[in-house]
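Just below is one structure, and these are the notes that go with it.
Order of appearance sets the numbers: ligands from 1, and atoms from 1 within every ligand. Note that this is a predicted model, so its numbers are computed, not measured.
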Amino acid sequence: MARYVRIPGSIALITLANPPVNALSAAVRRGITETLSRAIADPEVKAVVLCGENGNFCGGADIKEFAGPMSGPGLVPMIDAIEAGEKPVVAAIEGVALGGGLELALGCHYRIAHCKARVGLPEVTLGLLPAAGGTQRLPRLIGLSAALDLITTGRHVSAQEALQLGIVDRLTEGDTLGVAVEFAQSIAGQPLGSRRLSTRTPACPADLDSFLQGALVQVRRRARGAMAPEACVRAVGAAATLPYSQGMQREQELMASLFRSAQARALQYCFFSQRLVGRWSTPSGARWDSAEPRPIRRAAVIGLGTMGRGIAVSLLQAGIAVVAVETDEQQLEAGRRAVTALLERRAQGRGSEGPLRFTTDLQQLRQVELVIEAVFEDLAVKKQVFRQLSAVCPADTLLCTNTSGLDVEQLAACTRSPELVVGTHFFGPAHVMKLLEVVYGPRSSPVAVATAMHLGKRLGKVSVAVGNCPGFVGNRMLKPYLEQAHFLLEEGAAPEQVDQALEEFGFAMGVFRVADLSGLDVGWRVRKEAGLTGPGVAPGESPRRRQGRRYSPLPDLLCEQGRLGQKTGRGWYLYEGPGAREARPDPWTHSFLQQYRQQHGLQPRAVPQQEVLERCLYALINEGFRVLEDGIATGPEDIDIIYVFGYGWPRHRGGPMFHAGAVGLATVLDRLEHYHHAHPDIPNLQPSALLRRLVASGNPPIQKWREVIRRVRSQL
Ligand SMILES: CC/C=C/CC(=O)SCCNC(=O)CCNC(=O)[C@H](O)C(C)(C)COP(=O)(O)OP(=O)(O)OC[C@H]1O[C@@H](n2cnc3c(N)ncnc32)[C@H](O)[C@@H]1OP(=O)(O)O
């Protein structure tokens, strides 16, 4: 679908028409090919302007087509034909020119962009590379170094940066199309020569080999195990060393190695899942398309600890006025300094922020439309805060709790309007991390859920609506994962061995390095409150059994030794000193584990890497199936997005539930049965009913799981 219009002054206008983003589907490619031939054949036409309908130039190739057989004209010959033509083609870029959309624009001889447009080659984020000449033309236009940055990160570039880099020739604040048409008239008949980017020689760094080597090291570090970034480096490297036609051949070969890869499938699944979670629904029938969010202009944050500070910054940056509340002047002052410093650090190049007020007086909340409570993670303290909030805030104020797993309904019960209470589980640092779990309680109203989900979007977060249970989705699933890691230490593994297996799988940090970073005392406090350790434990109870199941006291024992992680300079690992970050294996930990095993009569064994992965990951996945059975998450995509955006699950592996499907559900079931048989005292290894049902249903693709989930839920 591309429209063709002849406009006065010998200009042909070709408009891509495939809303919402004019993706280059087979029909659009056909449309461009045909209309371009028409323009070339028409002797009256002296120049062509290419634009997109609906305020968007083009969002790239149609990702939905990737799963099926490719049909219609290829992108490469289509773009080559534009570049090789004798009539100048001007791209008029509004909205976005991304991926194949930018490659199309690079095949044009001139590019004129609206000042609010964005361009980029985000193929790497889909497990691909820009294989319609992007890896060959962009370096020839802006130099190897800048092109490599854009292509390996996939970042979107503002129109201003695109102008500075030389990607676009001119910006306009007004009528992009009008400017492009006028420009096309002015250059009609001029020689095209080096406007054909394929004829240029790219500007390269002096020591090309070490530059490319350095780039490979960098991309490997950034996304461990991801194939596409490496392929991008190699393709861009080819632009520097080979003539254009051979570079294009290399680009095609590298693309062929990626196109049908499991990683590309996983990343494209993430793309669509990220959008799917926005179309939320709850068991009570509330839905994204029927519940109307309330506008939020003024909000309050209660508690200016680490999380509260980040939440306040996030709100302010979204242009929302914030009242920041602390209990006493000293804490308030500390909060004020921290928030101001964060805002200053992030100020450069950002838009205007909403006004900010600090107070210790809850009466100042009479005007706010939404409150986010971010006090200490203690139910009694939070209940007290909710009682106070309910007394001072207007009755229609939405009250949110930032908790990582406490019961939202118990807090709602402390208020006069329980239907206006939801959980907003931010991830730290809250102004950086992209995930927001929006937790609806049994009484949360559709408008409350819709407002929190909409707020998350305004804050630039990926929001996922989840049900109310201890730990919600993310932390609930984390528990069996952590538990397995501790059991593996008891059985003979070392922390660095477990971490290495997980890091080779793709996590940025293994479980023990993460624990040291976040502080071992966090979990210790939770376990004490749950009566698993400390004074709440019944006298005479075995240290390795709690509540009728296997328990590992290892992390408690470390805390009792004052080993709380990085902040104390020692945890599972040893650090240079308190606050230092480089983790070193600690002989103390090894001998502590040895003594522990001896004390409990445990015969250490060599734990294979595969067992580390299977037990940690499959225990987590198994809990994911239970989360689905219980209706806490609506579909596997919700879980996967939570894990990719909040828990460092490697994106190129799609998320835990996608990974289970990729490994094969029957395999996951088989391995869980095997491990449960070997460890009958670990209930988390017992395969869930849903997993069994999915296997019995013939291992359907993940997109079909929801049907089976509905059946299982209806029978429970
Ligand atoms: C032969 C192989 C060649 C590959 C080269 C390529 O071009 S690969 C594709 C490269 N392009 C991209 O990665 C861009 C992907 N899209 C986006 O980043 C964003 O969608 C956007 C264009 C920046 C627009 O963002 P916005 O927030 O405004 O909207 P949504 O993201 O919600 O998108 C609206 C709907 O459009 C669908 N969609 C977007 N891009 C594509 C695409 N390239 N192909 C197919 N569909 C696309 C998106 O899925 C949304 O659909 P819904 O059904 O409404 O969820």
Side-chain angles (χ1 to χ4, degrees), residues 1 16-29 32 52-79 93-107 116-138 150-151 153-159 228 231-232 235 248 251-261 263-265 267-280 288-289 434 453-454 456-458 460-463 637 641 651 703:
M1 290 157 284
L16 278 54
N18 184 18
V21 301
N22 301 319
L24 293 162
S25 63
V28 173
R29 298 196 303 275
I32 297 174
E53 197 178 64
N54 225 16
N56 259 328
F57 182 71
C58 175
D62 188 339
I63 307 167
K64 291 190 193 95
E65 285 186 351
F66 293 175
M70 294 305 261
S71 65
L75 263 183
V76 172
M78 184 186 91
I79 295 172
I93 303 174
E94 288 181 321
V96 294
L98 295 173
L102 179 57
E103 291 176 296
L104 174 63
L106 293 175
K116 293 213 170 113
R118 281 181 293 146
V119 307
L121 293 175
E123 285 87 340
V124 70
T125 64
L126 299 169
L128 305 173
L129 55 79
T135 67
Q136 304 304 301
R137 284 197 178 92
L138 192 64
L150 258 62
I151 291 172
T153 60
R155 71 186 177 91
H156 296 188
V157 168
S158 69
C232 286
M248 282 300 287
E251 184 187 88
Q252 294 307 308
E253 288 161 10
L254 287 160
M255 178 64 154
S257 70
L258 300 175
F259 194 64
R260 304 254 171 234
S261 68
Q263 293 196 2
R265 270 205 306 278
L267 286 157
Q268 288 155 30
Y269 162 82
C270 283
F271 175 84
F272 288 114
S273 299
Q274 190 179 336
R275 280 142 187 92
L276 185 67
V277 299
R279 297 196 281 271
W280 56 272
W288 66 283
D289 52 356
K434 292 277 283 179
M453 289 294 285
H454 187 255
K457 196 167 181 187
R458 255 181 96 184
K461 314 259 176 231
V462 180
S463 312
E637 298 86 356
I641 288 302
R651 197 179 162 99
Q703 291 76 9

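Side-chain N or O atoms of Gln268 include none that pairs as donor or acceptor with a backbone N or O of Ile63 at under 3.5 Å. A distance-only check finds no donor-acceptor pair linking the side chain of Arg265 to the backbone of Ala67 [under 3.5 Å].
Between Leu126 and ligand 1, a contact under 3.5 Å exists for no N or O pair. For the pair Arg279 and ligand 1, the shortest N or O to N or O distance falls below 3.5 Å. Considering backbone and side-chain N/O of Gly59, one or more are found under 3.5 Å from N/O of ligand 1. Note: no N/O pair closer than 3.5 Å links Phe66 and ligand 1 by distance alone.
The closest protein non-hydrogen atom to atom 44 (N) of ligand 1 is Ile63 N, 2.9 Å. The protein heavy-atom contact nearest to atom 46 (N) of ligand 1 is Lys64 NZ, 3.7 Å. Summary of contacts: the protein heavy atom closest to atom 45 (C) of ligand 1 is Asp62 OD1, 3.2 Å. In terms of protein heavy-atom proximity, atom 19 (C) of ligand 1 is nearest to Arg275 NH2, 3.8 Å. Ranking protein heavy atoms by distance to atom 35 (C) of ligand 1, first place goes to Pro20 CG, 3.7 Å. Scanning all protein heavy atoms for the shortest distance to atom 24 (C) of ligand 1 gives Val21 CG1, 4.1 Å. Atom 23 (C) of ligand 1 has Leu98 CD1, 3.8 Å as its closest protein atom, hydrogens excluded (heavy atom only).
Distance check for atom 26 (P) of ligand 1: every protein heavy atom is found at 4.0 Å or beyond. There is a protein heavy atom less than 4.0 angstrom from atom 55 (O) of ligand 1. For atom 37 (C) of ligand 1, the nearest protein heavy atom is 4.0 Å or more away. The presence of a protein heavy atom under 4.0 Å from atom 40 (N) of ligand 1 is confirmed. Within the 4.0 Å cut-off (strictly below), no protein heavy atom is located near atom 29 (O) of ligand 1.
Here Thr125 has no heavy atoms under 4.0 Å from ligand 1, in either its backbone or its side chain.
Nearest to atom 42 (C) of ligand 1 by heavy atom, out of Gly60, Ser25, Ala61, is Ala61.
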### Task
Determine, stepwise, if the pair Phe57 / Asn22 fulfils side-chain contact (heavy atoms from CB on, under 4.5 Å).
CA-CA 7 Å; Phe57 182 71; Asn22 301 319; over 6 Å; no

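Annotation for ligand 1: atoms under 4.0 Å from non-hydrogen atoms of Met255 are 2 (C).
The shell of residues lying under 4.0 angstrom from ligand 1, judged by heavy atoms, includes Pro122.
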